[in-house]
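Scroll down for the structure; my scribbles are underneath it.
Side chains are part of it too, since the values below use all heavy atoms of this structure and drop only hydrogens, waters and symmetry mates. Naming: A, B, ... by sequence-line order, numbering from 1 per chain.
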Amino acid sequence: MSRELNYVDAIREALFQAMEADPSVFMIGENMRGDIRPESRGLYTRFGDDRVIDMPISEAAFTGFATGAALAGGRVIVEFQVSSLIYPAFDQLVNQAAKLPYMLGGQRFLPVTYLIMGAGAGGGRAGQHSDNPYPYFLHAGIKSVFPTTPADAKSLMLAAIAEDDPVAVFAPVGVYGTKGPVPEEPVVAPLGQAVVRRPGADVTVVAGGPHALQAVALAEKLKGEGISIEVWDPLSLLPLDKAGLEASVNKTGRLVIFDDSNRTCGFAAEIAGLAAERCFHALKAPIKRVTRADMVIPYSTPIETEVLATVDRLEAAVRAVMA
Amino acid sequence: MSRELNYVDAIREALFQAMEADPSVFMIGENMRGDIRPESRGLYTRFGDDRVIDMPISEAAFTGFATGAALAGGRVIVEFQVSSLIYPAFDQLVNQAAKLPYMLGGQRFLPVTYLIMGAGAGGGRAGQHSDNPYPYFLHAGIKSVFPTTPADAKSLMLAAIAEDDPVAVFAPVGVYGTKGPVPEEPVVAPLGQAVVRRPGADVTVVAGGPHALQAVALAEKLKGEGISIEVWDPLSLLPLDKAGLEASVNKTGRLVIFDDSNRTCGFAAEIAGLAAERCFHALKAPIKRVTRADMVIPYSTPIETEVLATVDRLEAAVRAVMA
Amino acid sequence: MPTPVDPPSDLDPEISRYRLMQLIRRFEEMAVDLTRGGEIQSAVHVGTGQEAIAVGVCAALGPDDVITSTHRGHGHILAKGGDPARMLAELLGRETGYNKGRGGSMHIADIDLGIYGANGMVGAGAPMACGAAFMFKTRAERHVAVPFFGDGAMNQGVLLESFNLATMLNLPVVFVCENNGYAVTTPIAEVLKGSILERARGFGLAVEAVDGMDVRAVQAAAERAVARARDGGGPGFLECATYRYEVHNVSAGSNWADERDAAERQEGRARDPIERLATQLIAEGRWSAVDRAQVDAEVESELEGGLGFARNSRRPDPSAAYDFMYARDYAGLPARGVDE
Amino acid sequence: MPTPVDPPSDLDPEISRYRLMQLIRRFEEMAVDLTRGGEIQSAVHVGTGQEAIAVGVCAALGPDDVITSTHRGHGHILAKGGDPARMLAELLGRETGYNKGRGGSMHIADIDLGIYGANGMVGAGAPMACGAAFMFKTRAERHVAVPFFGDGAMNQGVLLESFNLATMLNLPVVFVCENNGYAVTTPIAEVLKGSILERARGFGLAVEAVDGMDVRAVQAAAERAVARARDGGGPGFLECATYRYEVHNVSAGSNWADERDAAERQEGRARDPIERLATQLIAEGRWSAVDRAQVDAEVESELEGGLGFARNSRRPDPSAAYDFMYARDYAGLPARGVDE
Ligand SMILES: Cc1ncc(C[n+]2csc(CCOP(=O)(O)OP(=O)(O)O)c2C)c(N)n1
Ligand SMILES: Cc1ncc(C[n+]2csc(CCOP(=O)(O)OP(=O)(O)O)c2C)c(N)n1
Ligand SMILES: [Mg+2]
Ligand SMILES: [Mg+2]
């Protein structure tokens, strides 16, 4: 655990190791050969034309291409360099790949990983480059992970590639700059397992990605006041560790969800819905959601910050449920 | 109120009246001139080439076409003849039309109606023709309505057309066959106003479309046992009548959501999330969601029925919260 | 499943093709009857009249080649070797159907036979064919992938993008456009100016137009394009002119009038590909009316057997509804409609 | 806002075009500096080197004609009459910016000037241009709509679909492809076989290729295509060969090396459209180096004035963050991030 890696380098290490280990794995995406993207740097030089394929600006077609390649025996990693690039490919994602195995009556499954870089807002990326679109995938039943630390990034990336179903890996921009210990071996994380980032007794805060780190910081800040926050990081959004969530909320009796996807029908709504059914009798206070507003993300900093899920609002919500 | 109309005929009447009243209204869609679709029958004959335009099988482009026409002063109705046709157009819907006015800083707004026929499952329409995709739109902040009766269909269709923002009208297949009184005048419903389809004292059932009618029937059935169900039909999914929901749940103290969209991050999750925050102190029992499973809709009847939201499960849920 | 009725291997291959076209025709007529009669629960899109395209193209393909199909897919599937009994079982929603009753008419597939599936979305199968072709190419297998689609699909972005993918990667793909002149009720000339062939050529595809009512012509053109693609000579595009006899789709409730011109419809039927091949074979002295009647009778009995098999098969059990959603399930996944 | 600096109306129109190209060039160089210096918070895509296309095409347009632009849109917007001060204010995230600080570089628009917006998604503006053109046509207005896009966009489904919409409805649209040879780092020849022009022609568009580094040639070709479209003669397509001087995008943090060949880059710069026009005008005796220096100085002072204006403008107030999401808000809509 001594070696430290940057978040995006951890993703790259996973890509290298998966491709080294299994010759049926290959990766497609835009401008891969240009070798300018840190998550894929060096891949083309190492694996060449047959396994690192530059795609045209045809997101719908190359998503379907991955589906067909998977049916024909490939194990495919598809990169979307910005989260909103999933939208032109939406039919091929939610209406084709997500549905095909079932519609086939299980004749084949689809080992495809969607690596979705640049999820989330930050620094004026504005209306079309700031989405955190995982709720769309969760609603469509596409397995999805949201790694928080560099170690998570590597082990969940490997898990996604190993899975025989489509799995989306959402890489949040907010943690690109972080560093942390990452094992050199290709350790594969189990899907569907959350982590308690920080144990606590009074209130469960559900948060992933950069928001998990902010929640941990808040927990440190508030412990002096005798407010003990448990930070529960789902890591795997689908499958979700529902039993783990239930255990945490039953223990603390309070729940605040801190999530930077749109509010309505978002991830926080799902967590609230689960807890309102499963943990009702343990709950001592209303469930609170602290989310991104249902807004287009504005460019200018003061209004961008205003519409995002901020730790100040999390603090207020925690205090409110403790009151 | 004496005149009765079929559900789809009520939509057609709204289209006719809106186009008669305002020459800037026009409609685009696939096979409109063929005149085979009951919701648009006769429109082409009446309004001709400039106002009823057949579109190629290019959902993305014709959705963007509507956006551009609206910027240039048109008021546009876009028909999607099957609910899943929104998927190829998804970028133009959630990432363009839904975002453009804000990104423009309010220079223009977009008076566009998306008429989404064939929402929901029924009768073996299978994996790609049975979706009820409104949660995607709600998450993206697109105003959306889900009319239950023929009168709702007409008045909400007119409301959608009159609104200066994009509004999606989801027409559920499950009520196509229903008839009901519809005023001849072009009555416009307010957006954001729910209706209590049946008042009750013990448990609020949130349900729209065919599921609202099923819930009413269940209420009749259970009243003999002393279980008094209030059926709360949102009609307008976004804006949502949150105050009305709160009032109903605060009154009954129990909430079951009966919804035929996918479960995870679906409409029922949102309602549960709202009530778990706003009505916590009034709640006497866990909030229950009775939804479609997160499944591809199967073709064969026994398994199709199994994965849909059924009134039997609603009954069980109501009994559970009353226990 | 009834023992599959393999046509005698010493049959003249052209008679096999007649037989296959007749099988498709009668299969689809049966499907229409079963739908109008309410036994098939949902709408079916049939391609009666269009049989020569499926049969001619698939005659140029081997068992390891791959096709993707459309909403109007029965013909493609039978032509690529699909078993009518299992297809009928699928249409009747039975567990013995190709998709175990989970797919229905618009999703029938047999991956082992290289049938990557019908599709409910126009144009959507084409990129999958490209992906399969890419695998063949990188594994140095000499297989070819053939996406079928209609004239209306020529306006769908994902198909146009796929044309580019195929030429860009020099994939062994042959695109087959079944031009029946209409998308539902919309004449292709009203929604596509210029020409289908020029459009495809503009993407760098090697294009050819052929009479899609002439199975010999289709097969010959397909053999040329498939051979070229197989040899690494690049992707091709065939435009096959055809006519659909039935209305766009048939369902139990609807009695949708065919708004196409009566004269045009008659003209379309006059080009019947099945009659044409039979007439040719008999005129050439290679076949007799008696032999033809014999083949037709075999087809009837194969279909009757298939229908019997389908009818006697079980529907899937509700408790099995959730099987096959994922290769690997997890606790709580797929989520049921009530909390558990 | 500073009083807009209208070029003297008696100026030789070609000198106005020089001025406009120089304004675009210096605007974008300023934007690069402001970005590298951290004053512009996010990445900008600049089109230095590509000015002649925007200026030549917009010279063929009137105030009621419409354009849609791209991620690399500053030049189009300035060429269509955009005010550099309000554009700089937008880039600095100020309330006085074109989009009130809500859009940023990739979304600048001025609907009243017929600028329907830059766009963060490749190809996405084209169908909107078609929709506007349709309105012009049905209202019998003689306006034209011009979507700009890059070579890489030629592979995006929605753009290809738009080509068809335009020919199908015979819309007054002129598609303008800025072929700078690359999509980010990917050479167009690697992702598009055949040719851009043939592809466009295959959709029935009237096509023409032009040297995009020659503003006179661009303008002449644009005038032909625009006149045809305006007269109901159908949509056109211009392919303008050009070169981008900067890396794909510039942001504060990144020091992204330009991986393009040094010789190629030098060759690209040698075709500079601004030098070219200046040299022509001077050689033709219509202009002098002194007059040129004067115009350049005016441009500098206009931009300095614009920057001062932008810097002195307020950022939007957080409480106004939710304005403009809808034409009409409702209770609880737009939903805030915490319950209220
Ligand atoms: C993307 C998409 N758009 C629209 C439809 C609805 N639809 C089903 S079949 C069809 C017509 C297709 O025409 P064509 O491609 O010519 O095939 P044909 O039906 O003539 O065989 C349409 C519009 C669909 N299924 N998918
Ligand atoms: C649909 C879509 N796919 C990918 C991207 C990411 N992207 C932004 S610019 C760009 C390159 C565009 O190339 P081209 O159209 O040639 O324009 P240029 O940048 O050369 O001006 C890409 C791939 C995007 N913004 N939108
Ligand atoms: Mg057709
Ligand atoms: Mg380019």
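- A distance of 12.0 Å separates CZ in C/Arg199 from CZ in D/Arg199, rounded to the nearest 0.5 Å.
- Contact count versus chain C (heavy atoms, under 4.5 Å) is highest, among D/Val158, D/Leu169, D/Thr167, D/Asn164, for D/Asn164.
- Contact annotation: the side chain of D/Glu198 never approaches that of C/Arg201 to less than 4.5 Å [non-hydrogen atoms, C-beta and beyond].
- Atom CD of C/Glu161 sits about 12.0 Å away from atom CE of D/Met154, to the nearest 0.5 Å.
- In this structure, chain C has a heavy atom under 4.5 Å from the backbone of D/Glu190, while its side chain stays farther away.
- Counting heavy atoms from C-beta outward, C/Lys193 and D/Asn170 have side chains that stay 4.5 Å or more apart.
- Interface remark: C/Ser162 contributes no atoms to any contact with chain D (heavy atom separation under 4.5 Å).
- For the pair D/Phe163 and C/Leu160, the minimum side-chain heavy-atom distance is 4.5 Å or more.
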